[in-house]
Amino acid sequence: DTGSAAATPEQYDIQYLTPVSLGTPPQILNLDFDSGSSDLWVFSSETPASQVKGQAQYNPSKSSTSKEVSGATWDISYGDGSSSSGNVYTDVVNVGNATFAGQAVETAQQVSSSFTSDTNNDGLLGLAFSTINTVQPEQQKTFFDNIRDDLDSPVWTADLKHNEPGTYNFGFIDDSLYTGKIAYTDVDSSDGFWMITLDSYSVGSSTSNLSSRAFHHRPSTFPSPSDSASTPLTGIADTGTTLALLPDSVCTEYYSQVSSAANSQTAGGYVFDCDATLPDFTYTVGSTTITIPGEYINYAPVDTTGEQCFGGIQSDADIGFSIFGDIALKAAFVVFEDDGSSPRLGFAQK
Ligand SMILES: O=C(CN1CCCCC1)Nc1ccc2c(c1)OCO2
């Protein structure tokens, strides 16, 4: 079995939506595929009308193959403070022709305001590890965990793009989607996430790194440059998070290269003049180097004046690890591989 479906970005690539078929006859909803969480939940006939603003709603009573999971409930909160909760059914779920008959479909009885105002987003399809699925009393499996054994290969891949549709594939690696070689790194899934350590990162062209310049008279008091060219970054690959949330030291190093940049309390992060030239951000996994073009890091205008823009790289201050969100992932072809025992993440240029 294999599946292939488009990942279409909303404005500013804030998130990517992918059509999913639920039930019999098929009900098509556009879902946010989220490698940072593990619940498949949908706007539904059980969602109060006051909390629905244009979203498509899954109606289990209109599906001949839906079955209520008696006594089961779910309740999830995300890092950005949003939340949702409700009941649980099983039904046929089809993503680009990859199908599972008994997938847990979590129907929303409550969604927080940011979901209500996100009118094109009909719900989430979690692709992190099933150990963090929130259904009680019996935890449910993610779509990928359910279909893995039927897939030609135990992988799904993300080819997200800037301002244009990309692709989520299940069960195969499409060699036409990348160049060079795929470099793999082991995943620590103990917290339920695709957590990895990137071998190094660098800001701008390598000459921006002092240690690469011949300083004949660097006084002994001169700070020895943080040799970012070999500093690892540990974090999670998170298709559901828009930005790249990185350590404060990396943010400081990056925005020191942008003369108009400031860390704004009111804007909630680093902002700069919208016409600023931004340096590239490069990270390496083994022998593969991924370069995020500077223009990808001009995320969006802060307000309608369009003078100040919000950075795509922001601090991971209060999380405890970095979050390699869409800003980092859309520059790469990413392979999420899990044979059930030793998960790996692969990165290739494209
Ligand atoms: O909440 C998310 C992503 N989330 C995915 C599901 C839809 C709602 C947004 N990311 C996130 C992750 C960590 C954070 C954070 C945001 O803000 C501070 O720390």
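Whatever order the structure lists them in is the order used to number ligands and atoms, beginning at 1. All values derive from a computational prediction rather than experimental measurement.
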Starting from [atom], which protein heavy atom do you reach first, and at what distance in Å?
{"atom": "atom 3 (C) of ligand 1", "result": "Gly240 O, 3.3 Å"}
{"atom": "atom 17 (O) of ligand 1", "result": "Gly79 O, 3.4 Å"}
{"atom": "atom 10 (N) of ligand 1", "result": "Thr241 OG1, 2.8 Å"}

* Asked: Would you say Asp32 has any N or O atom under 3.5 Å from an N or O of ligand 1, going by distance alone?
  ->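 Between Asp32 and ligand 1, no N or O pair is found under 3.5 Å apart.
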Does the side chain of [X] come under 3.5 Å of the side chain of [Y] through a donor N or O and an acceptor N or O?
{"X": "Thr107", "Y": "Asn87", "value": "no"}
{"X": "Ser82", "Y": "Ser112", "value": "no"}
{"X": "Gln103", "Y": "Asp91", "value": "no"}

I need the contact type for [X] against ligand 1. Using non-hydrogen atoms and a strict under-4.0 Å cut-off, is it side chain, backbone, both or neither?
{"X": "Ile323", "answer": "side chain"}
{"X": "Leu124", "answer": "side chain"}
{"X": "Asp80", "answer": "both"}

* To do: Quick one: pull up CG in Leu124 and CZ in Phe43 and give me the separation to the nearest 0.5 Å.
  =>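 Answer rounded to 0.5 Å: 10.0 Å.
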* Asked: Does the separation of the ring centres of Phe33 and Tyr16 fall below 6.0 angstrom?
  ->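 So the answer is no for these two rings.
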* Test of ring centre spacing under 6.0 Å for Phe170 and Phe143 ->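 So the answer is yes for these two rings.
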* To do: Over 60° means perpendicular and under 30° means parallel, so classify the ring planes of Tyr283 and Phe347, tilted if in between.
  =>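 Perpendicular: the ring planes of Phe347 and Tyr283 meet at over 60°.
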Within the 4.0 Å heavy-atom shell around [X], which atoms of ligand 1 are there?
{"X": "Ile319", "answer": "13 (C), 14 (C), 19 (O)"}
{"X": "Asp34", "answer": "5 (C), 6 (C)"}
{"X": "Ser82", "answer": "8 (C)"}

* Asked: Around Gln136, counting heavy atoms of other residues, nucleotides and ligands shown, do more than 12 lie under 6.0 Å from its CD?
  ->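 12 or below, so no.
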* Take every heavy atom of Gly36, measure it against each atom of ligand 1, and state whether any distance is under 4.0 Å. =>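 No, Gly36 has no heavy atom closer than 4.0 Å to ligand 1.
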